[in-house]
Each structure stands twice: as structure tokens, then as C-alpha cells.
Amino acid sequence: MESLKQKICSEGVVLSDQVLKVDAFLNHQIDPLLMQQIGHEFAQRFKGQGITKIVTIEASGIAPAVMAGLELCVPVIFARKYQSLTLKDDLYIAKVYSFTKQTESTLAISAKHLDASDHVLLVDDFLANGHAAKALIELIGQAGASIAGIGVVIEKSFQNGRAELDEQGYRVESLARIRSLADGRVSFLE
Ligand code: G4P
Ligand code: NA
Ligand code: NA
């Protein structure tokens, strides 16, 4: 997606070989027009698949997920993040470890909003090692719902999340694929 790549080049900051800061348009300040284009692009790629719900994670997944939900005319659920959580029957829960933040948290979705009749599109802002995606897949599995695919705004292709999801047979659509962040520069795949 060209406008996204341009935005990454003009406003993204390469913090290290591993981390791209995009606080100017995605993770802190949000560019609504770009989010609308991102939602449109996800909808184009996943339309006609019988998607009934979009599932993402708070906080940064919500903006692109809502725009995709608007285009696909389906509700958007964001998994809530808790530092600790007591087990309850009416929740689907999964643990997720963040390498970026070096913390473990628990993701939860209320069983009220998702069940076995749902066909889900997962959306997230970043795909790095795939831990967030793995936890979301676990939650969808607990609901007995099926997965249409995974829509990612920015994929860091040099980390192993994408390869693992491909291996597991999931359809992954990433709107920007970053080959490398070496030497303070963003280089894209393709
Ligand atoms: P993984 O889920 O793919 O394994 O990634 P990881 O544990 O490394 O990611 C933890 C958090 O950091 C996630 O956000 C993820 O979106 C974000 N992240 C990963 N790599 C980058 C990067 O290069 N740049 C930026 N800006 N974010 C990155 P989160 O903890 O869920 O935070 P939130 O922003 O949604 O609140
Ligand atoms: Na994030
Ligand atoms: Na995220």
C-alpha cells in the first residue's frame, strides 16, 4: 500500500534495527484519512469471505480495525489487556508475552460477543514475532469461531511472526512489509 509506505518513510522513526516508531500516525497520534484508506484496503482484500466480526487488541489495533469494520459492515471486538485476571466462565482468555515491553499480560474477550457461528478477520497494527496473533488465534479457538485471515498494517518481515503464520496456513495480508531496519533505514519487501 503506497500511501502507507510513504507515510512510514516520511514520519516513521527507526529506533533500532528492530523497532520502528510510528507515533505520528498510528500508535499515539492517529491519521484518520490514512486509517480510512487502510480500512478500505483490508476490506478489498477480504471482501466476499463471509466475515462476521473483526477482532483486534487494544489499543493500537482499534483504529485500523474499526475502519475495516466500517467498510465490511461488521462489528469490531478488541481484546482487552489485563496485567492479571481471575478466571471466569464468561471470558475467553489467553496469555501474551510482549518482547518489546518485556511483560506478560492476559488478553480477554467476553463470550457474549463471539461464538462458533462467527467467521473472524484478525487485525493488528504490527506483526513482529507473532505473539499477539497467536494469542488472538487461541481466543478465537476458545469461541469455536473460524478465521478468515489476518490483516496487518505493518509487518516486520525479518522477525518470525509472518513465517510462522504462513506455515500454519493462515492467510496474512500485510499492507507494508519491512525487510530491514538496518543502518537507520526502512527497506521494504518487493
Ligand atoms: P508480536 O506480538 O508480533 O510478537 O510483537 P511484540 O511482542 O514484539 O509486540 C508487542 C507490542 O509492540 C505490540 O503492541 C506490537 O504491536 C508492538 N510492536 C512490535 N514491534 C513494533 C515496532 O517495531 N514498532 C512499534 N511501534 N510497535 C511494535 P502493544 O503492546 O499491543 O501496544 P499497543 O500499541 O497496542 O498499546
Ligand atoms: Na502496538
Ligand atoms: Na498491537
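Atoms within each ligand, like the ligands themselves, are counted from 1 in listed order.
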Q: Give the name of the N/O/S atom in Asp125 that lies closest to the Na ion (ligand 3).
A: OD1
Q: For the Na ion (ligand 3), find the closest N/O/S atom belonging to Asp124 and write down its atom name.
A: OD1
Under 4.0 Å to a heavy atom of [X] - the qualifying atoms of ligand 1, by number:
X	value
Asp125	16 (O)
Tyr97	7 (O)
Gln18	23 (O)

With a 4.0 Å heavy-atom cut-off (strictly under), which part of [X] contacts ligand 1: side chain, backbone, both or neither?
X	answer
Lys156	side chain
Asn129	both
Asp124	neither

Which heavy-atom pair separates [X] from [Y] by the least distance, and what is that distance?
X	Y	answer
Gln142	Ile93	NE2-O, 2.8 Å
Pro75	Thr52	CD-O, 3.4 Å
Val153	Asp125	CB-O, 3.3 Å
Glu104	Gln83	O-NE2, 4.0 Å

Q.
I'd like to know whether Glu155 forms a side-chain hydrogen bond (donor to acceptor under 3.5 Å, both in side chains) with Ser157, so could you lay out the CA-CA distance, the side-chain angles of the two residues, the decisive distance to 0.1 Å, and finally the verdict.
A. CA-CA 6 Å; Glu155 171 189 305; Ser157 311; 2.6 Å; yes
Looking at ligand 1, does [X] have a heavy atom less than 4.0 Å from it?
X	result
Glu58	yes
Gly130	yes
Lys81	yes

Q. Can you tell me if CZ on Arg177 sees more than 12 non-hydrogen neighbours from other groups inside 6.0 Å?
A. yes
**Q.** Asp90, CG atom: more than 12 neighbouring heavy atoms under 6.0 Å
**A.** yes
Is it the case that ligand 1 has an N or O less than 3.5 angstrom from some N or O of [X]?
X	answer
Ala128	yes
Ala133	no
Ile57	no
Val19	no
Lys101	yes

Q | Candidate with minimal heavy-atom separation from atom 33 (P) of ligand 1, of Ala135, Ser60, Ser16 | A | Ser60
(Q) If the condition is side-chain contact (heavy atoms from CB on, under 4.5 Å), which residues does Val76 pass it with, not counting sequence neighbours? (A) Ile54, Thr56, Ala65, Val66
Q: Examine the side chains of Ser146 and His119 and answer whether a donor and an acceptor come within less than 3.5 Å of each other.
A: yes
Q: If a pair satisfies ring-ring contact (aromatic ring centres under 6.0 Å, His included) and one of its residues is in residues 24-74, list it, with sequence neighbours excluded.
A: none
Q.
Using 0.5 Å steps for rounding, measure from the CD1 atom of Ile150 to the CG atom of Asp166.
A. 9.0 Å
